[in-house]
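The structure appears below as structure tokens.
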Amino acid sequence: MRAHHTDGSVTRAVAKILRAEVVVVDGIGLLSVATDATEGLYRVVDAAYEKRFVAISSNLHPAGFDELMPKTLATATVDRLLHHAHVCQTSGDSVRLTQALAGKGVIRLFECAIRLFSRIDPFPAPVRP
């Protein structure tokens with residue numbers, strides 16, 4: 001979004017993102033972000049409001065979004081996100097960490113990929129019309 005702000009094509013960038021039926025933003029609040037990035041998030045959420053499905057994952061409670069962006073922008077963003085939302089709040093240990101410590105997760109995914117690719121014939125017979 002930041003690259004599109006300088007040349008005035010933010011609207012085109014948002015339109016491109018909204019071609020998808022579902023917009024997923026993962027990990028809000030994990031890293032600090034610049035003002036133009038928070039404005040970009042607001043623009044996407046605002047444009048998607050009541051038109052697309054938006055899924056957000058965050059370690060922050062929605063009330064804490066004003067730690068990421070100016071309070072007015074945070075209020076408007078959260079208002080649009082929560083209006084028709086299904087909020088799934090989790091607690092407890094990290095699923096990824098638990099799986100990794102149990103020897104699952106990445107190893108299981110790797111094994112799955114090996115099985116999948118072993119079924120693909122690298123030299124398929126040509127299809128004749």
Side-chain angles (χ1 to χ4, degrees):
M1 195 56 93
R2 184 174 301 142
H4 294 290
H5 197 299
T6 57
D7 68 1
S9 62
V10 173
T11 304
R12 287 192 308 269
V14 170
K16 187 174 184 179
I17 291 168
L18 294 184
R19 288 182 194 160
E21 286 294 315
V22 179
V23 177
V24 179
V25 183
D26 186 26
I28 295 287
L30 292 176
L31 301 171
S32 60
V33 293
T35 304
D36 57 346
T38 59
E39 179 189 337
L41 174 64
Y42 168 75
R43 285 175 173 253
V44 168
V45 169
D46 183 55
Y49 178 63
E50 295 188 330
K51 296 178 189 125
R52 296 287 185 271
F53 296 101
V54 178
I56 302 276
S57 75
S58 178
N59 289 345
L60 288 176
H61 186 277
F65 273 43
D66 61 353
E67 295 174 22
L68 299 174
M69 56 183 71
K71 187 167 183 62
T72 307
L73 199 60
T75 301
T77 303
V78 170
D79 179 63
R80 284 157 179 78
L81 285 172
L82 294 182
H83 183 217
H84 299 293
H86 294 276
V87 178
C88 302
Q89 190 170 0
T90 61
S91 62
D93 295 334
S94 162
V95 173
R96 293 178 193 144
L97 180 59
T98 303
Q99 287 178 345
L101 293 175
K104 300 176 182 173
V106 174
I107 295 170
R108 178 179 269 169
L109 178 63
F110 179 73
E111 290 170 354
C112 180
I114 294 297
R115 278 189 236 122
L116 174 67
F117 289 117
S118 66
R119 294 183 202 153
I120 298 172
D121 184 358
F123 305 103
V127 177
R128 295 191 178 150

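Bear in mind that the values here come from a model prediction, so they are computed numbers and not experimental data.
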Side chain to side chain contact (heavy atoms under 4.5 Å, CB included) evaluation trace for M69 with L41:
CA-CA 10 Å; M69 56 183 71; L41 174 64; 3.8 Å; yes

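- Interatomic distance, T75 OG1 to D66 CG, rounded to the nearest 0.5 Å: 7.0 Å.
- Nearest heavy-atom pair across L68 and G29 is CD2-CA, 3.6 Å.
- Expressed to the nearest 0.5 Å, how far OG1 of T72 lies from OH of Y42 amounts to 11.0 Å.
- Criterion: ILVMFWY side-chain heavy atoms under 4.5 Å apart, direct or through other members. Under it, Y49 and V45 are not part of a common hydrophobic cluster.
- The minimum heavy-atom distance linking E50 with H84 is given by the pair OE2-NE2, 2.6 Å.
- How far OG of S58 is from CG of D26: 9.5 Å, rounded to the nearest 0.5 Å.
- Of all heavy-atom pairs between G27 and S57, the closest is N-OG, 2.8 Å.
- Hydrophobic clustering, with ILVMFWY side chains joined whenever heavy atoms are under 4.5 angstrom apart, keeps I17 apart from F53.
- L18 contributes atom CG, which lies 12.5 Å from atom CZ of R43 (distance to the nearest 0.5 angstrom).
- Looking at heavy atoms from C-beta onward, F65 lies out of side-chain contact with T38 at the 4.5 angstrom threshold.
- Each of L81, V78, T77, V23 was compared with I56 under the side chain to side chain contact (heavy atoms under 4.5 Å, CB included) criterion, and only L81 meets it.
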